[in-house]
Number of protein chains: 2
Amino acid sequence: MRQGGRIKLSDVARDAGVSPATVSRAIAQPHLLSEETLARVRASALRLGYLPDGAARALASGRSMTIGAIVPTLDSAIFARALQAMQSTLAQEGFLLLVASHEGHAAAEAQAVRSLLGRGVDGLMLVGAERSPETVAMLKEARVPIVLTWCGDGNFTAVTIDNTLAGRLAAEHLIGLGHRRIGMVTGQLRFNDRQRARLAGARAALVEAGLGLPDQLHSEQAVTLAGGRAGCATLLELDDPPTALIGGIDLLAIGCMEEAHARGIAVPSGLSVVGIDGLDMSAHVSPSLTTVHLPIGRIGTLAAETLMALVSGRPAATTMLPVELVVRRSTTGFG
Amino acid sequence: MRQGGRIKLSDVARDAGVSPATVSRAIAQPHLLSEETLARVRASALRLGYLPDGAARALASGRSMTIGAIVPTLDSAIFARALQAMQSTLAQEGFLLLVASHEGHAAAEAQAVRSLLGRGVDGLMLVGAERSPETVAMLKEARVPIVLTWCGDGNFTAVTIDNTLAGRLAAEHLIGLGHRRIGMVTGQLRFNDRQRARLAGARAALVEAGLGLPDQLHSEQAVTLAGGRAGCATLLELDDPPTALIGGIDLLAIGCMEEAHARGIAVPSGLSVVGIDGLDMSAHVSPSLTTVHLPIGRIGTLAAETLMALVSGRPAATTMLPVELVVRRSTTGFG
DNA sequence: AACTTGAATGAAAGCGCTTTCAATAGATGC
DNA sequence: GCATCTATTGAAAGCGCTTTCATTCAAGTT
């Protein structure tokens, strides 16, 4: 499909009076050339407006200078921030980000993995550790580094946070405040090990405190503000409604606050709410949200750095980033 | 770098007892093969776990099945939503999205354009119409379709919204409410034609109403909540402070409300605030934000569709999507 | 002065696929 | 019955680059 005009490496070579090999070296390994030759080649390339063909380079060298990333969705403050951090870190090394989203479907993720691997990405970033055996097999057969984020497993290098701890910190904060009936609104648990871990962490803390988290005090919702509202509504309509709520992500927690507000229940005096994420926005809603802050940007940066290390043969270990409770105005003592 | 194992097209051909050409056809033009042959080839491919090499395909065919997108940043609800919409539309056609961000720097955008074009994207999406002449030249020489979003110019196909009208609608709403001193907080105007157009639209409406928008009633800030707060603070500290504020984007407007709140000024009774964007969040802050709603997701979808049309040789025209004022609780009458 | 060595460059063989161009073989038309 | 199609398939020439492997030549070495 490429039309007549495009300047190719051999044109530059002819113009500069050198062999194609020399031009190739001028691009990828300039230190191999004499200053004089290098300057001449560069001048020709610049004058002709030469742009190396990435596909040809990738085919010949086996490296595409491209990293793939598959996230549940780009339309989320969380993943958007992580990807932005990744992208800007990768750009510094001359790598580009090829993105795909699966919107919560394991099959779509498998398809994306196939597609990205087929495109010859030099590395792949995925979210969470849960996926079908076939997808895992594909990843293991892939000849490129894989980095999991948020949650890891023993199989791949990962940049994780302790989701269980995050859930626990949220619960313990409320327990410490004297709450005895604590509910939780999470996103879909299916194909989402992050949410499951947070729920498990909260539940463990509640059980240890002798409170427990019975099923009717847990509501599983879509990860949207509306989901948060719906979850909150469900829990508040119980005969013995909770006095405090944990949101599996900040967005859900904010939705909970909103629903409470709509029902004339004041937060935190009538209902304490704590989130998990530490969105910028959460500090700015009213009342400001107590939340377990996760270093999202760091996840992206570190995932990129880990991938860069692995790509160039340097070792890289799985990392776990710290999480931290940030107490703001949406929680208060009870009883 | 590729190691021994990877199955290639010729392996499948041998296994299926056909020529490489036939396998290639089985992948890209199955209708050319007899059902029997096709089935045999597919079975072999499946059994061997064959994954076509994207770089080789791209090199041989001149198409990479990849679309590039360059946005100011991924870490923004706006661009994240547009990209998600684009990505999911493209995925349906088997295309992948290669993303880059320039974070407000024209030079970074030029670099990204070079990089993506070099990678052989089959089409390119850009935000806004303002860029250096060199970048424009590069785009014009590119043999792939270019689609601008948000703002267009005569040079390229575009999927736009009327930013000027958005600014005007925001201003006219406040004017209609009786406000006589109206300020505006925008993001950086440099390398951001969207913000400039919104400012211009608001200013035009204010001038027509005999009010005008003197420079000291306009504050240029970073596009963050903190920027909104700072801008609001600046304007409220004037000797004759405004009674209403327009935010160049919702985030700035929300920052304004927050600053007002922090200063004990009630919104909307003490200060009316209107935004431009229609973020989901804006309906959920307190008070809910009056804003000019922009169809962000549609921009992404349409940009993808336009690109798909152009890529396959179908015609596609520049589109302008409607904007709409959504009145909520952050604005009220004055005087 | 003959011998290494290292730096700079070129020649040429692919990388794994797509795509003309031909060839073959039934099917169709007159 | 022979020319003409049409549907299938194969052969082979690249796509534009990278990368051994050689070669050349100047600088050290002994």
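Convention: sequence-line order gives letters A, B, ...; per-chain numbering from 1. Atom set for the values below is all heavy atoms of this structure, side chains included, hydrogens, waters and symmetry mates excluded.
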How would you list all residue pairs meeting side chain to side chain donor-acceptor pair (under 3.5 Å) that involve residues 85-98 of chain B, not counting sequence neighbours? A/Ser101-B/Gln87

Can you list everything that forms a side-chain hydrogen bond (donor to acceptor under 3.5 Å, both in side chains) with A/Glu134? Sequence neighbours excluded, please. none

With A/Arg114 via salt bridge (charged side-chain N to carboxylate O under 4.0 Å, His left out) - residues at least two apart: none

Can you check side-chain contact (heavy atoms from CB on, under 4.5 Å) on A/Leu98 and A/Ile67, steps first, answer last? CA-CA 6 Å; A/Leu98 205 43; A/Ile67 294 293; over 6 Å; no

CZ of B/Arg63 versus P of C/dT18: gap in Å, rounded? 12 Å

Counting just side-chain N and O atoms, does B/Ser19 come under 4.0 Å of either OP1 or OP2 of D/dG10? yes

Rounded to whole Å, how long is the line connecting atom CD1 of B/Ile7 with atom P of C/dC15? 15 Å

For A/Arg40, what residues pass the side-chain hydrogen bond (donor to acceptor under 3.5 Å, both in side chains) criterion, not counting sequence neighbours? none

When all nucleic acid strands are considered with a 4.0 Å heavy-atom cut-off, which category describes A/Thr22: base, sugar-phosphate, or nothing? sugar-phosphate

Return the value, rounded to whole Å, for the distance between atom CG of B/Leu59 and atom C1' of D/dT18. 12 Å

Nearest of D/dT18, C/dG10, C/dC17 to any side-chain atom of B/Ala60? C/dC17

Let me have the donor-acceptor pairs involving side chains of residues 14-33 of chain A, under 3.5 Å, with sequence neighbours excluded, atom names and distances please.
unit_1, atom_1, unit_2, atom_2, d
A/Arg14, NH2, A/Asp11, OD1, 3.3
A/Asp15, OD1, A/Arg47, NH1, 3.4
A/Asp15, OD2, A/Ser44, OG, 2.5
A/Asp15, OD2, A/Arg47, NH2, 3.1
A/Ser19, OG, A/Ala21, N, 3.4
A/Ser19, OG, A/Thr22, N, 3.4
A/Ser19, OG, A/Thr22, OG1, 3.3

Nucleotide C/dG16, atom P - distance to CZ of A/Arg57 in whole Å: 18 Å

Return the value, rounded to whole Å, for the distance between atom NZ of B/Lys8 and atom P of C/dC17. 8 Å

Note the angle between the end axes of the helix from C/dA1-D/dT30 to C/dC30-D/dG1, five pairs defining each, rounded to 10 degrees. 30°

Nucleotide N/O to protein N/O under 3.5 Å, stretch nucleotides 20-25 of chain C:
unit_1, atom_1, unit_2, atom_2, d
C/dT20, O4, B/Arg25, NH2, 3.1

Nearest-Å distance, CD (B/Gln29) to C1' (D/dA7)? 14 Å

Suppose we screen for salt bridge (charged side-chain N to carboxylate O under 4.0 Å, His left out). Which residues come up paired with B/Arg196, at least two apart in sequence or across chains? B/Glu130

How is B/Val23 classified with respect to the nucleic acid when contacts are heavy atoms under 4.0 Å: base, sugar-phosphate, or nothing? nothing

Under a 4.0 Å heavy-atom cut-off, which of residues 32-50 of chain B touch DNA chain C? B/Tyr50

Is any side-chain heavy atom of B/Leu51 closer than 4.5 Å to a side-chain heavy atom of B/Arg6? yes

Check whether any side-chain N or O of B/Arg57 sits under 3.5 Å from a backbone N or O of B/Met65 as a donor-acceptor pair, and report yes or no. no

Whole Å only: how far is the CD1 atom of B/Ile27 from the C1' atom of C/dC17? 8 Å

Mind checking what makes side-chain hydrogen bond (donor to acceptor under 3.5 Å, both in side chains) contact with A/Arg119, not counting sequence neighbours? A/Ser115

Rounded to whole Å, how long is the line connecting atom CG of A/Leu51 with atom C1' of D/dG16? 13 Å

With sequence neighbours excluded, what pairs up with A/Arg42 under the salt bridge (charged side-chain N to carboxylate O under 4.0 Å, His left out) test? none

Can you name the residues that form a side-chain hydrogen bond (donor to acceptor under 3.5 Å, both in side chains) with B/Thr301, not counting sequence neighbours? none

